[in-house]
Amino acid sequence: MFCYHCGVLLSEHDYCTACGADVSLYKKIIAVSNMYYNEGLDKACVRDLTGAVNSLRQCLKFNKNHIDARNLLGLVYYEMGEVVSALSEWVISKNLRPDKNIADDYIEKLQSNPSRLDSINSTIKKYNQALNYCKQDNKDLAVIQLKKVLSVNPRFVRAHLLLALLYMDSEQWERAQRELRKCIEIDRNNTQTLRYLKEVELMLAPDESSRQSGKNAKKDEAVRYISDNEMIIQPVNVKEPKGSGLSTLFNIAIGLVIGMAATFFLFVPSAQNKIKTQSQQEIAQISSQLDEKTLRIQELESENRSLSDRLNDLEKDLQGYVGMGGTMASYDSLLTVSAAYLQDGDKLATADALEQIAQSVNIEEASEGFRTLYGALQAAIGPSLYEQFYNEGHDAYGEDRYETAITALSRALKYGTPTVDCYYFLARAYHKNGDTQDAKDYYNKVKELFPESDRVADAQKFLDALGE
């Protein structure tokens, strides 16, 4: 124990040896606080949670800085389902002692589970909503809300008590008793729970001692016991009348007749219905098998049609390979052109033949060997043909034969490496021939492909003149 004034450890004397403060009353207060703490701890160990709460609150009234008492009070609140109150006590404890405090672990366990915090928040809201429903006399809605609360937080004592009170109000005594038993399991000495339970047990087992007495009581003497919600009264002084043997035989005969009639009217129709049901099931099974076979036939017919269509497509593809103008024919044409070029070296005729082949075959989709041979022929004849077509187009442009110039210069672009002059004079030929759109396109190509050329300025001037 430390001095409240200077913080020095106190001795057995009634005054502080450091500052001289009178600590006799202070020691008594701390002793009373510790007594209440020990009392609360003992009650918590035997699940007297209500008593533990009262003792621990008394402890904190005498010493609000009692860390162990606050932590224990938080645990008791948590066990009773009062999570918010428990969290409040642990936060206060942490603020009083920031270091080496077990309250840190309790708070961390709650905060590390966001879904748990959300569920706790929802239970509080639903409990408050149930209270509002009770005030508005909507007791059925209140019961529904409380059941939801207890499904998430089954140790919430206040929710159990309120639900039991609603059951008592609707005279559902057994349900109320079950809820109160759950409260007793959590908190064994809750006075409110015990008071409710006493009322419920009185309703479930009423006192028979206040009934009739004397001669009337002897006449009505009977054995009484409770089964579920009903009281069974069995008389004990009933004498069996004489001549009961014949009546017993007569009753047995009547019972046999009734049993046979019941067998005929109850079991025979049931057996007939069972046979009908089995027949219907067999018919349904056969119908299902027929449906499956019909579906299988339809699938096979559909598959047959699909295969027929596929066969027709393959025949068309084959005709495209081997027919007139097909791929095989194009390969033959390319081989023929290659052979002719190797024999006579006529580059112009070879170029014409290659252009015809390019019109009938998509070069990019052809085989690799076809593209290689086609490219090799173009590379062989390209440079000389480019020079030939360019000179032809340039001369035609100088002689104002613009159509011829366009044709020659366009063919020149297909061979060799085009120059800026080829694009420029082709644009001028289109311009002179009145085709402004193509002229613009080729002027722009001069600018894009040859930005460093001297022709760019002229191309821009003509584009401005065309209204770009």
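Just so it is clear, the values below take in all heavy atoms, side chains as well, and ignore hydrogens, waters and symmetry mates.
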> Under 3.5 Å, is there a donor-acceptor pair linking the side chains of S93 and N71?
Replying inline: yes
> Is the closest basic N to carboxylate O distance between R47 and E79 below 4.0 Å?
Replying inline: yes
> Thinking salt bridges, do K139 and D169 make one under a 4.0 Å N-O criterion?
Replying inline: yes
>> Whether K440 engages the ring of Y443 as a cation-pi pair (distance to the six-membered ring centre under 6.0 angstrom, angle to the ring normal within 45°) should be assessed.
In response: no
> Can a salt bridge be assigned to the pair E179 and R158 using a cut-off of 4.0 Å between side-chain N and carboxylate O?
Replying inline: no
> Got a sec: does the CG of N95 have more than 12 other heavy atoms crowding it under 6.0 Å?
Replying inline: yes
> Any Lys/Arg nitrogen of K198 or E201 sitting under 4.0 Å from an Asp/Glu carboxylate oxygen of the other?
Replying inline: no
> Would you say the side chain of N190 lies within less than 4.5 Å of the side chain of C183, judging by non-hydrogen atoms?
Replying inline: no
>> Does this structure show an ion pair linking E39 with K43, if we count only N-O contacts that are shorter than 4.0 Å?
In response: yes
> For Y430, which of Y442, Y423, Y424 qualifies under ring-ring contact (aromatic ring centres under 6.0 Å, His included)?
Replying inline: Y442
>> Can a side-chain donor-acceptor contact be found between D464 and Q460 if the only test is distance below 3.5 angstrom?
In response: yes
> Can you tell me if E82 and Y78 form a side-chain donor-acceptor pair at under 3.5 Å?
Replying inline: no
